[in-house]
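The structure under discussion appears below in the form of structure tokens.
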Amino acid sequence: MSPGRVHAATTPVALNEACPLLVKRLPGVSLAECRNSMLSPSGVKSRSGFPILVRDIAAPGVASNKKALRILLLGGIHGDELTASALVFEWMQWMHHPEAVHFHWKVAPIINPDGLLAPKPQRVNANGVDLNRNFPTPGWREQAASYWARSTGSDPRRFPGNTPLSEPESRWVHDEIERFRPDVIISVHAPFGVLDFDGPAPAPRQFGRLMFNPVGVYPGSLGNYSGVHKNVPVITIELPNALAMPTEAEANRIWQDMLRWIRRNVRPGNPAAPARVVKTSTGSR
Ligand SMILES: [Zn+2]
């Protein structure tokens with residue numbers, strides 16, 4: 001049983017219908033920017049029927065180049081972290097810049113559209129599930145519910161779901177990792193104002209003003225699933241404010257530092273690795 005089923009969103013069929021709804025929630029994203037974003041429906045819809053939008057971005061020759069690094073960039077897995085999705089929109093406009101053009105990007109700025117578009121934006125999806133606790137980490141069935149009860153006091157904002165990958169949004173991310181086989185995943189959140197990292201590379205120390213400060217490993221989190229168990233590094237960007245955007249200068253510093261770190265530390269074709277046993281900790285990412 002989930003702790004709270006909420007609203008049903010409308011069901012747009014195209015970007016023209018989605019954007020007027022989305023930009024009401026996304027600080028600094030104009031209607032024209034959204035409509036020109038070239039995002040398209042992935043074919044998978046949220047619990048309430050809103051399309052999960054995605055864009056594949058690769059300069060000519062990059063997608064077929066086996067040495068090109070593949071980056072999966074995700075925003076807004078928590079629907080009340082408005083700046084997380086908005087920053088991904090801002091960064092999408094920079095992907096033809098010289099520092100980014102050698103990468104093959106797969107970008108999904110709004111993983112949890114139902115949470116974003118709820119009357120009051122909410123962390124969980126329309127089925128009341130925290131999507132960032134719904135990934136199939138080893139031991140999920142034994143750990144996720146007890147961890148939720150013990151460490152969060154059964155906080156409805158952190159309900160992990162009844163089974164791993166019970167939600168279409170988390171299933172889409174999981175399946176996209178299998179299809180796209182990213183070399184690195186970037187997941188943007190707010191509002192803890194830190195940088196976190198899971199996976200097989202030296203952790204980044206600082207992007208812009210964000211300092212590395214691990215916030216914890218949880219049953220069912222994307223960092224735990226992908227970074228620790230699939231051996232695909234996950235950079236978690238925690239912006240300092242969920243509602244107010246960083247300045248363009250700071251957004252650019254984070255972007256530049258992040259791409260520099262990726263160029264230095266990520267190699268194409270990361271093999272899958274066996275699972276490791278990891279202690280879980282408290283926290284709230
Ligand atoms: Zn978050």
Side-chain angles (χ1 to χ4, degrees), residues 3-4 6 22 25-27 46-47 52 72-91 107-118 120-135 137 144 147-148 151-152 155-161 164 167 169-170 172-174 177 185-199 204 207-228 233-246 251 254 258 280-285:
V6 282
L22 295 174
R25 290 284 190 263
L26 300 177
S46 69
R47 269 278 170 180
I52 303 212
L72 178 62
L73 172 59
L74 308 172
I77 198 167
H78 291 139
D80 56 354
E81 301 170 2
L82 312 189
T83 52
S85 291
L87 183 68
V88 174
F89 271 90
E90 188 171 4
W91 283 350
V107 187
I110 307 157
I111 298 299
N112 180 6
D114 295 339
L116 180 77
L117 296 172
K120 183 176 185 292
Q122 61 186 31
R123 176 180 173 99
V124 293
N125 78 345
N127 197 35
V129 173
D130 181 344
L131 301 172
N132 205 31
R133 300 291 183 273
N134 194 237
F135 290 93
T137 49
Y147 177 87
W148 178 59
S151 294
T152 78
D155 179 355
R157 297 179 72 245
R158 294 185 165 74
F159 179 61
E167 304 309 301
E169 300 92 346
S170 49
W172 181 82
V173 173
H174 171 271
I177 292 171
I185 298 171
I186 302 160
S187 183
V188 188
H189 290 252
F192 293 104
V194 297
L195 189 60
D196 196 2
F197 179 77
D198 298 281
F207 294 167
R209 290 184 186 170
L210 305 176
M211 308 290 291
F212 177 66
N213 185 2
V215 292
V217 178
Y218 313 100
S221 77
L222 177 63
N224 185 357
Y225 171 69
S226 174
V228 178
V234 178
I235 297 169
T236 301
I237 306 267
E238 277 277 0
L239 296 172
N241 192 307
L243 304 177
M245 284 293 280
I254 297 170
M258 180 175 77
T280 55
S281 60
T282 57
S284 53
R285 181 172 74 200

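Just follow the structure's listing: the first ligand is 1, and inside any ligand the first atom is 1.
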task = Answer yes or no as to whether an N/O/S atom of E81 is found below 2.8 Å from the Zn ion (ligand 1).
result =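 Yes - counting backbone and side chain alike, E81 has an N, O or S atom under 2.8 Å.
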query = So, are R157 and D80 salt-bridged, with charged N and O less than 4.0 Å apart?
reply =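 Looking at D80 together with R157, the answer is yes, because their closest N to O distance falls below 4.0 Å.
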key: Passing option when H78 is tested against N125, N112, D130 for side chain to side chain donor-acceptor pair (under 3.5 Å)   =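 Single pass found, and it is D130.
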Atom name of the N, O or S atom in H78 that lies nearest to the Zn ion (ligand 1) =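 This residue's closest N, O or S atom turns out to be ND1.
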Closest approach to the Zn ion (ligand 1) by H189, given as the N, O or S atom name =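 Among the N, O or S atoms of H189, the one closest to the Zn ion (ligand 1) is ND1.
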ask   = What pairs with S85 under side-chain hydrogen bond (donor to acceptor under 3.5 Å, both in side chains), at least two apart in sequence or on another chain?
value =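 Counting only residues at least two positions away or on another chain, S85 forms no side-chain hydrogen bond (donor to acceptor under 3.5 Å, both in side chains).
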inquiry  = I'd like to know if the side chain of T83 and the backbone of N241 have a donor-acceptor N/O pair within less than 3.5 Å.
reply    =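 Yes; at least one donor-acceptor contact below 3.5 Å.
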